[in-house]
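Okay, structure first, notes after.
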Amino acid sequence: MDQRFGGGRKAMPVGEDFSKQPIRNRLTRAIAFGTFALVILMVTAWQGRAEDIGASYLKMAPIEQYRMKRNGEIALARSAAPDSISREADVMVLGQNGYETAFKDKNGFVCLVERSWAGGIDDPEFWNPKLRGPICFNPPAVRSYLPVMFKKTGLALAGRSKAQIFASIKTAFDKKELPTPELGAMCYMMSKQGYLGDHNGHWHPHLMFFTPLTDVTAWGAGLSGSPIIGIENAPDRMTVFMIPVGKWSDGTVDAPM
């Protein structure tokens, strides 16, 4: 599963212990997909796996490991959504100090490739230089989600630690320098070429919807048989709802969940 949210990359429900949250999210997913009988085994395995992964990414790697060749990054960014959306979207690439516009177009969407620091404070792959998350945002998300990502990116490229990044994000929210999600904010993550980390790999094509912090059960997230996965991301002042879809952006069918 996409862990950026923290993919997270996963952020914490308000009032919970950060150290316990990754296991909780695994439990939620297990219940959601009807595999309750495997929960205990999965918790043990995931805890060990997360510790192994986290030990590999304790600090930021050399910045060049996070960069891509420009044309390759543009193509990967556009693969996040069906061509009918991405071909007329703005495309941004990672530059020296942050994301820069490579193509300016007309439909109001923005496509780019997320790096690992878009994840949550408890994400063991927060500094994984291999992570590449193609993503296309609709106009409400461009206005209300991208500023948070751009802030994190600038801080990461300036050499700030993970703790410093999240302290700065908290201060910016407290001062109302960063927005909370607008009504209708969402994005596409349907690229077959994405790499969402050592644990997730390509995961599955999915849509994500961003709301101000809210109870995930209001959407039926995590309930038996529900296709919706909900993650409360307290540091970024939002709740993220993920809905897997059956096809990649190129129209090919995804493997069953």
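Not one N or O on the side chain of Thr180 forms a donor-acceptor pair closer than 3.5 Å with the backbone of Pro212. No side-chain donor-acceptor contact under 3.5 Å links Asn233 to the backbone of Met238. Side-chain atoms of Arg160 do not come within 3.5 Å of backbone N or O of Leu157 as any donor-acceptor pair. A donor-acceptor distance shorter than 3.5 angstrom exists from the side chain of Ser249 to the backbone of Ser79, with no hydrogens or angles considered. In this structure a side-chain-to-backbone donor-acceptor pair under 3.5 Å is present from His202 to Gly194. When atom types are taken as modelled, the side chain of Ser144 and the backbone of Pro140 share a donor-acceptor pair closer than 3.5 angstrom. Without hydrogens or angle criteria, Lys162 side chain to Ile121 main chain gives a donor-acceptor distance under 3.5 Å. Listed for the Asp90 side chain is no donor-acceptor partner under 3.5 Å among the backbone atoms of Thr101.
For NZ of Lys192, the number of neighbouring non-hydrogen atoms (other residues, nucleotides, ligands) closer than 6.0 Å is greater than 12. The number of heavy-atom neighbours closer than 6.0 Å to CG of Asp174, taken from other residues, nucleotides and ligands shown, is above 12.
Summarising the geometry, atom CE belonging to Met242 is positioned 11.5 Å from atom CG belonging to Leu207; distances are rounded to the nearest 0.5 Å. Between Ile135 atom CD1 and Leu196 atom CG the span is 9.5 Å, to the nearest 0.5 Å. Rounding to the nearest 0.5 angstrom, the gap separating the NE2 atom in His206 from the CG atom in Asp254 is 11.0 Å. Taken to the nearest 0.5 Å, the CG atom of Leu131 stands 10.0 Å off from the CH2 atom of Trp117. The line from CG of Asp198 to CD of Glu125 is 4.5 Å long, rounded to the nearest 0.5 Å. Here the straight-line distance linking atom OG1 of Thr171 with atom CD of Glu177 works out to 8.5 Å at 0.5 Å rounding.
The shortest side-chain heavy-atom distance between Gln193 and Pro134 does not fall under the 4.5 Å cut-off. The shortest side-chain heavy-atom distance between Leu146 and Leu112 falls under the 4.5 Å cut-off. You'll find the side chain of Val110 stays beyond 4.5 Å of the side chain of Tyr99, heavy atoms only. In this structure the side chain of Phe209 never reaches within 4.5 angstrom of the side chain of Val240, judged on heavy atoms. The closest side-chain heavy-atom distance from Phe166 to Lys152 is below 4.5 Å. Taking 4.5 Å as the limit, every side-chain heavy atom of Arg237 sits out of range of all side-chain heavy atoms of Leu178. With contacts defined as side-chain heavy-atom distances shorter than 4.5 Å, the pair Lys130/Asn128 qualifies. The side-chain heavy atoms of Phe150 and Met92, taken from C-beta on, include a pair separated by under 4.5 Å.
Here the closest non-hydrogen pair linking Ala172 and Lys151 is CB-CE, 4.3 Å. Ile74 and Ala102 make their closest contact through CD1-CB, 3.9 Å (heavy atoms, listed as atom of the first residue, atom of the second, distance). Shortest non-hydrogen contact noted between Pro147 and Val142 is CD-O, 3.5 Å. Listed here is the closest heavy atom pair of Thr211 and Phe241: OG1-CE1, 3.9 Å. Nearest approach of Gly108 to Pro139, heavy atoms of both residues: O-CG, 3.6 Å. Of all the heavy atoms in Thr153 and Gly98, the pair that sits closest is CG2-CA, 4.0 Å.
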Take Val216 and Glu232 through the side chain to side chain contact (heavy atoms under 4.5 Å, CB included) test and state the conclusion after the steps.
-> CA-CA 7 Å; Val216 299; Glu232 295 175 18; 3.8 Å; yes

Checking side chain to side chain contact (heavy atoms under 4.5 Å, CB included) for the pair Trp203/Met189: CA distance, chi angles, key distance, verdict?
-> CA-CA 10 Å; Trp203 203 57; Met189 291 196 77; over 6 Å; no

Met149 and Phe137: side chain to side chain contact (heavy atoms under 4.5 Å, CB included), yes or no, with the steps?
-> CA-CA 12 Å; Met149 182 194 293; Phe137 298 96; 3.5 Å; yes

How far apart are the C-alpha atoms of Phe210 and Cys187, what are their side-chain angles, what is the distance that settles it, and do they pass the side chain to side chain contact (heavy atoms under 4.5 Å, CB included) test?
-> CA-CA 8 Å; Phe210 309 108; Cys187 70; 3.7 Å; yes

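In the hydrophobic cluster analysis, where Ile, Leu, Val, Met, Phe, Trp and Tyr join through side-chain heavy atoms closer than 4.5 angstrom, Ile85 is grouped apart from Trp248. Tyr195 and Met68 sit in two unconnected hydrophobic clusters of ILVMFWY residues. Membership requires side-chain heavy atoms under 4.5 Å apart, directly or through other members. If you chain together hydrophobic residues whose side chains sit under 4.5 Å apart, Ile228 and Met186 fall into the same group. With hydrophobic clusters built from ILVMFWY side chains whose heavy atoms lie under 4.5 angstrom apart, Ile63 does not share a cluster with Val93.
Ring planes of Phe109 and Tyr188: tilted class, angle from 30 to 60°.
The list of side chain to side chain donor-acceptor pair (under 3.5 Å) pairs with a residue in residues 58-68, not counting sequence neighbours, reads Glu64-Arg67. Counting only residues at least two apart or in different chains, disulfide bond (SG atoms under 2.5 Å apart) contacts with residues 77-133 comprise Cys111-Cys136.
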